[in-house]
Amino acid sequence: MKKIIVCLSIMLLAVIPAYSASVIATVNGNAITDDEVTARVKLMTKQGNNSLDNMQKAFQNIVDDYIKIEYVSNFGVKPTDEDADKEIEKMKLGELTPTMRSMARLGVKSDICWNVMLGQTIIPTIKLTKKEKQQAKIDLARERGLPVELTLVRVVDIPKDVYKQLKDPKDCDDAITMVQTLGGEPQKFKILQYELSQDMRERVAELDVMKWAPLKDKSTVLICEANKTDEYQNLDEMIEQNAIYMRASAIGDQQLKQLRRKAMIIINDDRYKL
């Protein structure tokens, strides 16, 4: 009898799916295994993402992938394996194990779905103000070192009590009128960002458009315009599209947080959390 019991036990173990013990979480019924998290970490490493918390990041990304794909399926968007494989080839990730390819497909499908969602529901609602467009030019110039022409208003020999009365102007003319009303003599000039003196470059390095720089040596400066140069004919369009996409992504991140709260997520492994 004991032999029969032992044999039955072995048979029962044999029919239990091998992956069941390694399921660390489920997202709306989709199982996530340890092997899949490890595979996603390897993919992240191939793409140059190395950090001590890659396991946690990989897990969170997989959870979000399932949530994004399921949500955007409501729009009728369902990328195929073939769609994903085309993008994976462009990424030049080299040799991939079956699990790594599966995780790469999941990530690519998620990106495709989310970009469609941003393009259909969020981006069309975003309109940038003139000031926001000017600020976007400054931010991109700082980030990529693009040759942007700045229009500056500088005030010298300004008393501290007068400086405190300066408000954020609407435009260059408003800034000049404001200073003149307070008894000052503003200087307005145009200059390429990289032609600024070291001292002036440091003063405007983190300065937002239509914001007076902190008082230094009885002087202040303001950026009132930022314009493209001939070297970048399509700079305005590129900058505006980039700024709109960045804002849409931020709105999308907030929407994803709400979707994550509504999702049925069950975590079976204490090493992982959201």
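This one's a predicted model, so the numbers in the text were calculated from it and none came from an experiment.
- Checked against side-chain contact (heavy atoms from CB on, under 4.5 Å), P124 has no partners two or more places apart in sequence or in another chain.
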Under 3.5 Å, which donor-acceptor pairs link side chains of residues 172-181 to any protein atom two or more places apart or in another chain?
residue	atom	partner	partner atom	Å
D174	OD2	K170	N	2.8
T177	OG1	D173	O	3.0
T181	OG1	T177	O	2.7

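- By the neighbour-count criterion of 12 heavy atoms within 6.0 Å, atom CG of D161 is densely surrounded, having more than that number from other residues, nucleotides or ligands.
- By the 4.5 Å heavy-atom criterion applied to side chains, D83 and T80 are counted as neighbours.
- For the pair D65/V27, no side-chain contact is recorded, criterion being any heavy-atom separation below 4.5 Å from C-beta on.
- In this structure, the side chains of V155 and V162 stay at 4.5 Å or more apart for every pair of heavy atoms.
- With contacts defined as side-chain heavy-atom distances shorter than 4.5 Å, the pair R247/L128 qualifies.
- Side chains of D85 and E82 form no contact here, defined as non-hydrogen atoms less than 4.5 Å apart.
- Side-chain atoms of K68 do not come within 3.5 Å of backbone N or O of S110 as any donor-acceptor pair.
- Around atom CD of Q120, more than 12 heavy atoms belonging to other residues, nucleotides or ligands sit under 6.0 Å away.
- Within a 6.0 Å radius of NZ in K109, more than 12 heavy atoms belonging to other residues, nucleotides or ligands are found.
- The CE atom of M210 lies 6.5 Å from the CD atom of Q134; values are rounded to the nearest 0.5 Å.
- Considering only heavy atoms from C-beta on, D269 stays 4.5 Å or farther from F59 through its side chain.
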Please test E240 against K130 for salt bridge (Lys or Arg N to Asp or Glu O under 4.0 Å), starting from the C-alpha separation and ending with a verdict.
-> CA-CA 10 Å; E240 185 170 352; K130 181 179 179 180; over 6 Å; no

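- Looking only at side-chain heavy atoms (C-beta outward), L96 and L43 come within less than 4.5 Å of each other.
- Checking each of V23, N30, I24 against T26 for a side chain to side chain contact (heavy atoms under 4.5 Å, CB included) leaves exactly one that passes, namely V23.
- Contact check for Y245 versus I126: no side-chain heavy atoms found under the 4.5 Å cut-off.
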List the steps, then state whether salt bridge (Lys or Arg N to Asp or Glu O under 4.0 Å) holds for D217 with R203.
-> CA-CA 12 Å; D217 298 329; R203 295 196 71 180; over 6 Å; no

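- A donor-acceptor pair under 3.5 Å is absent between the side-chain atoms of D168 and the main chain of K211, judged by distance alone.
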